[in-house]
Amino acid sequence: MTGLLEDDTSIDAIWCMAMTLRLDDTESDALRKRAEFESRSMQEVAREAIREAIREYIEHHSRSDLIDGILDRELPRYAEALDRLAQ
């Protein structure tokens, strides 16, 4: 986060959030096996998987939001023609 102090001095801060991830036994075992297979820590594997899942989630929802917005704007324009085609 970038901000300004009272004297217009620029400051930069990095925000970090710690959280607890609760896994059931099956998920924990799968994560442990994957980490062992890759010779990495469970935390490294979990963090990479979470980063990838977040990226995919945001891309998917951003695309859906874009399409929804286009449809909301453009469908009314063609409503009469679409009604005629439906008959």
Side-chain angles (χ1 to χ4, degrees):
M1 177 177 167
T2 302
L4 295 175
L5 298 176
E6 288 181 20
D7 65 354
D8 293 334
T9 303
S10 177
I11 58 170
D12 292 320
I14 298 173
W15 296 98
C16 182
M17 179 177 63
M19 63 188 302
T20 301
L21 178 62
R22 298 191 195 309
L23 301 175
D24 64 26
D25 290 340
T26 303
E27 294 164 336
S28 184
D29 289 342
L31 180 59
R32 185 178 297 103
K33 287 176 184 174
R34 189 68 205 178
E36 288 173 3
F37 177 76
E38 295 181 11
S39 299
R40 297 167 61 198
S41 72
M42 289 175 61
Q43 180 175 338
E44 288 175 313
V45 174
R47 288 185 69 210
E48 182 177 332
I50 290 168
R51 280 192 298 269
E52 185 176 326
I54 290 170
R55 188 172 33 255
E56 288 176 13
Y57 180 89
I58 290 171
E59 286 175 7
H60 171 75
H61 284 82
S62 295
R63 209 171 11 252
S64 294
D65 293 343
L66 176 64
I67 291 169
D68 288 346
I70 291 169
L71 291 174
D72 288 345
R73 282 193 313 275
E74 299 300 326
L75 278 180
R77 201 163 148 194
Y78 301 104
E80 185 180 336
L82 292 169
D83 286 341
R84 281 193 239 156
L85 286 171
Q87 294 175 359

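Scope of the values below: all heavy atoms of this structure, side chains included, with no hydrogens, waters or symmetry mates. All of these numbers come straight from a predicted model, not from anything done at the bench.
Once rounded to the nearest 0.5 Å, the distance linking CD of E36 with CE of M42 reads 9.0 Å. To the nearest 0.5 Å, the span separating CZ on R34 from CG on D29 amounts to 15.0 Å. In this structure, D25 CG and R32 CZ are separated by 9.0 Å, a value rounded to the nearest 0.5 Å. Rounding to the nearest 0.5 Å places CG of D72 at 10.5 Å from CG of D65. One finds the CG atom of L66 at 4.0 Å from the CD1 atom of I70 (value rounded to the nearest 0.5 Å).
Identified under the side chain to side chain donor-acceptor pair (under 3.5 Å) test for residues 75-87, with sequence neighbours left out: E74-R77, E80-R84.
For the pair R40 and E48, the minimum side-chain heavy-atom distance is below 4.5 Å.
Nearest heavy-atom pair, L71 versus P76, reported as atom, atom and distance to 0.1 Å: O-CD, 3.9 Å.
Residues I54 and V45 share a single hydrophobic cluster, defined by chaining ILVMFWY side chains whose heavy atoms lie under 4.5 Å apart. A continuous path of ILVMFWY side-chain contacts below 4.5 Å connects I67 to L75, so both sit in one hydrophobic cluster.
The number of heavy atoms from other shown groups lying within 6.0 Å of CZ (R51) is above 12.
Evaluation of the ring-ring contact (aromatic ring centres under 6.0 Å, His included) rule for Y57 yields H61 as partners, not counting sequence neighbours.
The backbone N or O of D24 lies less than 3.5 Å from a partner atom in the side chain of E27, making a donor-acceptor pair.
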